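It should be emphasised that the depicted structure is a prediction, and the values quoted were computed from it without experimental measurement.
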Amino acid sequence: MPVAGRLSALPAEVERALALTLREGAANVLRHSPDCRNFTVLQVADAASVRLEIRNDRAGSGGKVPGSGVDSLRARAAALGGELTVMRDAEAGTYTLIVIIPFPDDAHPQDALCGSL
């Protein structure tokens with residue numbers, strides 16, 4: 001996947017949460033959407049927060065598994081003052097996972113990350 005934009009250091013706890021979200025999101029595509037043809041990752045930051053969006057075009061069955069990785073990611077985002085949402089469009093067959101995490105008060109990286117992966 002090509003990377004566009006400029007990458008700069010993010011606060012360690014934010015970077016860790018984003019890395020875990022990306023890893024779990026990619027694993028879920030492989031696990032639950034084997035017919036996926038398009039997998040998109042978009043990460044954008046502004047002065048207050050960073051947003052990571054993972055989308056695939058072949059959403060799986062959507063069955064909820066207790067203790068699932070998404071619940072763990074949601075709790076991790078909430079612990080950092082952020083939120084994680086999941087959107088499933090049955091008609092289009094897409095599944096989108098979005099996490100938004102605010103930067104800590106003492107860290108507001110300008111242009112921390114702009115672009116897409």
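Nearest heavy atom pair, residue P104 against residue P11, reads CD-CG, 3.8 Å. Of all heavy-atom pairs between L80 and A17, the closest is CD1-CB, 3.7 Å. Minimum heavy-atom separation, L52 to L18: CD2-O, 3.7 Å.
Side-chain contact between E24 and S72 is absent, with no heavy atoms from C-beta onward closer than 4.5 Å. Side-chain contact between S49 and V14: absent, with no pair of heavy atoms (C-beta onward) separated by less than 4.5 Å.
Note: I54 CD1 to R23 CZ = 12.0 Å, rounded to the nearest 0.5 Å. Here CG of D46 is found 11.0 Å from CZ of R51. Values are rounded to the nearest 0.5 Å. Considering CG of L97 and CG of L84, their distance stands at 4.5 Å, rounded to 0.5 Å. Rounded to the nearest 0.5 Å, atoms CE (M87) and OH (Y95) are 10.5 Å apart. The structure places CG of N56 at 12.5 Å from CZ of R37, a figure rounded to the nearest 0.5 Å. The distance from atom OG1 of T40 to atom CG of N38, rounded to the nearest 0.5 Å, is 6.0 Å.
Evaluated for a side chain to side chain contact (heavy atoms under 4.5 Å, CB included) with T85, the options I98, V99, T96, V70 yield exactly one hit, I98.
Applying the side-chain contact (heavy atoms from CB on, under 4.5 Å) rule to L30 yields no partners; only residues at least two apart in sequence or on another chain are considered. Residues passing the side-chain hydrogen bond (donor to acceptor under 3.5 Å, both in side chains) test with R31, sequence neighbours excluded: N28. Partners of R76 by side-chain hydrogen bond (donor to acceptor under 3.5 Å, both in side chains), not counting sequence neighbours: none found.
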Item to check | Trace of the side-chain contact (heavy atoms from CB on, under 4.5 Å) decision for I101 with E13 | outcome: CA-CA 10 Å; I101 300 177; E13 64 274 15; over 6 Å; no
Next on the checklist: Is there a side-chain contact (heavy atoms from CB on, under 4.5 Å) between T21 and Q43? Walk through the geometry before answering.
Outcome noted: CA-CA 12 Å; T21 301; Q43 191 167 331; over 6 Å; no
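Linking Ile, Leu, Val, Met, Phe, Trp and Tyr residues whenever their side-chain heavy atoms come within less than 4.5 Å leaves V50 and I100 in two separate clusters. Note on L73 and V41: same hydrophobic cluster, where clusters join Ile, Leu, Val, Met, Phe, Trp and Tyr whose side-chain heavy atoms are under 4.5 Å apart, directly or indirectly.
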